[in-house]
Amino acid sequence: MGQGRNTSGEQRESGSFDAPEPYTVHAEFYAPPERFEGCFTSFYTLDLKVADGGRLRDRLMPEWGNVRFFAGSGPVAEIEGSRVEGVAFNAFGPSSRPCKFELGSARMWGIGFLPLGWARFVGGDAYESSNVICDGSEHPVFGKFESLLQVLCDPDARVDDQLAAIGETMDRVARPHRDEPRIKRVHAALVDGQYVTVNDLADACAMSIRTLERVCRRHFGFTPKLLMRRQRFMRSLTSFMLHKGSRWTEVMDRDYHDQAQFTREFCEFMTMTPSEYAALDHPILSSFVEARARVWGSAAQTLDAPKRSGEHSGSRPEAS
């Protein structure tokens, strides 16, 4: 497995993995411009090369909303009752379930929306798009990003030009929302992880439970209780993936009462038991998670803070 390189002086951070033949995976991460602070997880690319026309199978963890553009092989992807096949522009709402996918050789551009970014750039009720994957070109909420198809799926386009196109598109569709201060408070409290009840979370965010419920449903896609459970679960799952050979009891979050509770939650969020998950290969996700943790400071979108620390901002060069 190759080492990621710190490309000091360039507008990128990368993680490269030379997996056992017949495939290789390479990921790069780009810091969004400062004017978009708190809106995106990152802008990122993934290059997958599979020998002899083969395809890999894997599954995504629960995450925030995303749009992904594929040049080359289009994925077959499914989450709960929604499915896409061979579509170049995939759009995802926030998820609490795994997305199963199959992919051959391709280059992918991904844009991950934090809740603030969902409110400002995507719009619409996040709850209505939760656990949904679709052809973004045909969806009323995501169709505004269709103009990115041509440039992000162009194999001859320069990365700087592609990043500029993303920035220009986001500037064009941006619509500031009156809930933005509330969104920032809720997101920060969720990532902090020290609140174990909805009452505690509401108090920390200085809002009523009713207002908290509305803000979470509208911009985060789920109820406050489910979001808190998802954070706890994701802390455990990413710890397991980053510590090869560890046992679930060693990485299980301290807020779980016992292993039985963790197993029930695992079955809900990943639709299988922990042991079943551990027995599967994760050729793409494992590589991506390791690269993301090493060069971006966070192993998964759901663990990204709404505002990057000064240390991270200084070490993650911006996209223009």
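Since the structure is predicted, the reported quantities are computational estimates derived from the model, not experimental observations. Only heavy atoms go into these numbers, but all of them, side chains included; no hydrogens, no water, no symmetry mates.
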Enter the distance from [X]:[atom1] to [Y]:[atom2] here, rounded to the nearest 0.5 Å.
| X | Y | atom1 | atom2 | answer |
| --- | --- | --- | --- | --- |
| I79 | S95 | CD1 | OG | 4.5 Å |
| L48 | I284 | CG | CD1 | 5.0 Å |
| R59 | C99 | CZ | SG | 10.0 Å |
| R210 | L212 | CZ | CG | 13.0 Å |
| D154 | L149 | CG | CG | 11.5 Å |
| K100 | L60 | NZ | CG | 12.5 Å |

[X] side chain near [Y] side chain, heavy-atom distance below 4.5 Å:
| X | Y | answer |
| --- | --- | --- |
| E78 | I133 | no |
| L190 | F220 | yes |
| H219 | L116 | no |
| L114 | H187 | yes |
| E276 | T273 | yes |
| C267 | Y277 | no |
| M234 | E63 | no |
| I166 | V151 | no |

Worksheet item: So does K144 have more than 12 non-hydrogen atoms from other groups sitting under 6.0 Å from NZ?
Response: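 Counting neighbours around NZ of K144, more than 12 heavy atoms of other residues, nucleotides or ligands fall under 6.0 Å, so yes.
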
Worksheet item: Does a sphere of radius 6.0 Å around CG in D281 hold more than 12 heavy atoms from other residues, nucleotides or ligands, not counting ones at 6.0 Å or beyond?
Response: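 Counting other residues, nucleotides and ligands, CG of D281 stays at 12 neighbours or fewer.
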
Using only atom types and a distance under 3.5 Å, with no angle test, would you say the side chain of [X] pairs donor to acceptor with the backbone of [Y]?
| X | Y | answer |
| --- | --- | --- |
| S105 | K49 | no |
| R292 | A299 | no |
| D58 | L285 | yes |

Discussion item. Suppose the criterion is ring pair (Phe, Tyr, Trp, His ring centres under 6.0 Å): which pairs have a residue in residues 146-170, not counting sequence neighbours?
Written reply: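 Pairs touching residues 146-170 that pass the test: none.
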
Worksheet entry | Residue pairs involving residues 72-97 (criterion ring pair (Phe, Tyr, Trp, His ring centres under 6.0 Å); sequence neighbours excluded) |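 For residues 72-97: F69-F89.
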
Item to complete: Please assess N66 against Q301 for the test side-chain hydrogen bond (donor to acceptor under 3.5 Å, both in side chains), listing each intermediate value before the final yes or no.
Response: CA-CA 10 Å; N66 290 263; Q301 290 184 354; 2.5 Å; yes

Worksheet item: Yes or no on side-chain contact (heavy atoms from CB on, under 4.5 Å) for Q162 and T45, after CA distance, side-chain angles and deciding distance?
Response: CA-CA 11 Å; Q162 293 175 315; T45 59; 5.9 Å; no

Assess whether a salt bridge exists between [X] and [Y], defined as any Lys/Arg side-chain N lying under 4.0 Å from an Asp/Glu carboxylate O.
| X | Y | result |
| --- | --- | --- |
| E250 | R247 | yes |
| E102 | R57 | yes |
| D125 | R217 | yes |
| E85 | R83 | yes |
| D255 | R235 | yes |
| K244 | E290 | yes |

When you group the ILVMFWY residues by side-chain heavy-atom contacts below 4.5 Å and let the links chain together, are [Y] and [X] in the same group?
| X | Y | result |
| --- | --- | --- |
| Y127 | L226 | no |
| V76 | F101 | no |
| V198 | V196 | no |
| F222 | I209 | yes |
| L280 | W248 | yes |

Item to complete: Answer yes if the ring centres of F29 and W109 are under 6.0 angstrom apart, and no otherwise.
Response: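 Between F29 and W109, the centre distance exceeds or equals 6.0 Å.
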
Discussion item. I want to know whether H257 and F262 have ring centres closer than 6.0 Å.
Written reply: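 Centroid distance H257-F262: not below 6.0 Å, so no.
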
Fill in: Chi angles and distances behind the side-chain contact (heavy atoms from CB on, under 4.5 Å) call for M170, R172
CA-CA 5 Å; M170 297 306 164; R172 174 174 54 81; over 6 Å; no

Discussion item. Could you go through F288 and Y44, starting from their C-alpha distance and side-chain angles, then the distance that decides it, and tell me whether this counts as ring-ring contact (aromatic ring centres under 6.0 Å, His included)?
Written reply: CA-CA 10 Å; F288 192 83; Y44 57 97; 5.5 Å; yes

Assess the side chains of [X] and [Y]: does a donor N or O sit below 3.5 Å from an acceptor N or O?
| X | Y | answer |
| --- | --- | --- |
| R230 | T302 | no |
| S298 | D304 | yes |
| R264 | Y256 | no |

Which atom pair, heavy atoms only, marks the closest approach of [X] to [Y]?
| X | Y | result |
| --- | --- | --- |
| V191 | P306 | CG2-CD, 4.4 Å |
| T223 | C216 | C-CB, 4.4 Å |
| A189 | Y195 | O-CD1, 3.6 Å |
| P283 | Y23 | CB-OH, 3.1 Å |
| D47 | R107 | OD2-NH1, 2.6 Å |
| C134 | H139 | SG-CD2, 3.6 Å |

Practice prompt. Give the intermediate values and the outcome of side-chain contact (heavy atoms from CB on, under 4.5 Å) for residues M61 and T238.
Written response: CA-CA 9 Å; M61 303 177 290; T238 54; 4.3 Å; yes

Fill in: Audit row: F145, F113, ring-ring contact (aromatic ring centres under 6.0 Å, His included) steps and yes/no
CA-CA 13 Å; F145 305 113; F113 296 96; 5.5 Å; yes

Discussion item. What verdict does the side-chain contact (heavy atoms from CB on, under 4.5 Å) test give for R68 and I111, after you've listed the backbone C-alpha separation in whole Å, the side-chain angles of each residue and the deciding distance to 0.1 Å?
Written reply: CA-CA 6 Å; R68 295 183 172 113; I111 301 169; over 6 Å; no

Fill in: With sequence neighbours excluded, residues passing ring pair (Phe, Tyr, Trp, His ring centres under 6.0 Å) with F269
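Listed in chain order: F233.
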
Item to complete: Output, in order, the C-alpha distance, side-chain angles, deciding distance and verdict of side-chain hydrogen bond (donor to acceptor under 3.5 Å, both in side chains) for S208 and T211.
Response: CA-CA 5 Å; S208 68; T211 299; 3.0 Å; yes

Worksheet item: Between F40 and F36, what is the ring plane arrangement, given parallel below 30°, perpendicular above 60°, and tilted in between?
Response: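 Plane angle over 60°, so perpendicular.
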
Worksheet item: Are R175 and W118 in a cation-pi setup, meaning NZ or CZ lies under 6.0 angstrom from the ring centre and within 45 degrees of the ring axis?
Response: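 No.
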
